Amino acid sequence: MSARRPLVAGNWKLNKTVKEATALARDLKGRLAAARNAEVAVAPVFTSLASVKEALAGSAIALSGQNVHFEDQGAFTGEVSAPLLVDVGCTYCIVGHSERRHVFGDTDENVNKRVHALLNHGVTPILCVGEQLEEREAGKTLDVVLGQLALGLANYPSAKAKEVVIAYEPVWAIGTGRTASPSDAQEVHEAIRGRLGEIFDTETAGAIRILYGGSVKASNAKDLLSQADIDGALVGGASLTADTFVPIIEAAG
Ligand code: 13P
């Protein structure tokens with residue numbers, strides 16, 4: 001049995017006004033009041049972070065950013081930095097999400113800079129990796145995923161490595177209703193853990209949580225989460241209501 005505590009994180013993406021986000025946070029706080037094995041985090045849009053933090057006060061639900069710029073401050077119009085995420089109460093931040101990589105042009109190199117910016121300020125990165133459909137069909141899944149992993153974690157200090165969170169999100173499964181089968185996902189998660197063992201060491205790799213993301217919902221969560229190397233979920237669409245998100249958290253224990 002793994003000692004890794006499951007993490008279920010809701011990525012709200014570009015959804016919800018402050019009022020809607022706060023209402024969902026309150027609803028989650030009420031429904032998740034009892035102590036549980038799984039850890040829970042939510043990632044609202046930047047404009048809702050402060051209000052959601054306030055709504056979650058007194059609950060164990062953690063707050064996450066959806067992205068971060070790698071400089072702390074300065075002439076970077078439109079960006080948000082790691083110290084500002086700390087200021088508003090974030091303990092996690094997603095980096096390298098496929099929408100960032102494929103819609104906004106984030107590269108492995110600047111994903112790595114974001115990871116280091118978070119580390120410098122004590123925010124835990126949730127580093128996303130994942131292949132596109134044509135890469136999977138060309139048999140390149142592991143090359144792509146393990147390459148993104150190694151570059152995203154370049155120069156990561158091993159003393160802090162056990163805390164990092166990896167999210168495997170096959171791009172073709174995001175928002176499509178198409179999920180990787182539990183065994184296909186497990187195969188990639190196992191390979192990720194193997195590469196983490198090479199980057200760090202086996203003991204460290206065994207402590208790092210690897211989440212699965214891509215059309216996770218109540219009906220498939222249990223099968224995915226029962227795989228040996230799947231330590232939780234990064235949930236998009238199904239995290240937007242308590243009715244669809246809470247059962248996923250319950251499936252994680
Ligand atoms: P969906 O759960 O909507 O497929 O989104 C997954 C995702 O991208 C989470 O970061």
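Just so we're clear, the structure is a prediction, and the values are computed from it rather than from any experiment. Numbering of ligands and ligand atoms starts at 1, following listing order.
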Identify the protein heavy atom lying closest to atom 2 (O) of ligand 1, giving its residue, its atom name and the separation to 0.1 Å.
-> Gly236 N, 2.9 Å
Please verify whether a non-hydrogen atom of Lys13 lies at under 4.0 Å from ligand 1.
-> yes
Considering the heavy atoms of [X], write down every atom of ligand 1 situated less than 4.0 Å from one of them.
{"X": "Gly175", "value": "1 (P), 3 (O), 4 (O)"}
{"X": "Gly237", "value": "1 (P), 2 (O), 3 (O)"}
{"X": "Leu234", "value": "9 (C), 10 (O)"}
{"X": "Ala173", "value": "4 (O)"}
{"X": "Glu169", "value": "6 (C), 7 (C), 8 (O), 9 (C), 10 (O)"}
{"X": "Ser215", "value": "1 (P), 2 (O), 4 (O)"}
{"X": "Asn11", "value": "9 (C), 10 (O)"}
{"X": "Gly214", "value": "4 (O), 6 (C)"}

Can you find a pair of side-chain heavy atoms, one from Ile166 and one from Ile208, that are under 4.5 Å apart?
-> yes
Do Asp231 and Arg193 come within less than 4.5 Å of each other through their side chains, counting heavy atoms only?
-> yes
Is Val235 close to ligand 1, meaning an N/O of one under 3.5 Å from an N/O of the other?
-> no
Salt-bridge contact Arg209-Glu39 (side-chain N to carboxylate O under 4.0 Å) = yes
Would you mind checking if Asp106 and Arg101 are paired as a salt bridge, meaning a charged N to carboxylate O distance below 4.0 Å?
-> no
Say you draw a straight line from CG of Leu196 to CD1 of Ile210; how long is it, rounded to the nearest 0.5 Å?
-> 5.5 Å
The salt bridge (Lys or Arg N to Asp or Glu O under 4.0 Å) partners of Lys217 (sequence neighbours excluded) come to none
For the pair His189 and Tyr212, name the ring-plane relationship: parallel under 30°, tilted 30 to 60°, perpendicular over 60°.
-> tilted
Of Gln66, Glu99, His97, the one whose closest heavy atom lies nearest atom 10 (O) of ligand 1 is His97
Which residues share a side-chain contact (heavy atoms from CB on, under 4.5 Å) with Asp223, sequence neighbours left out | Pro182
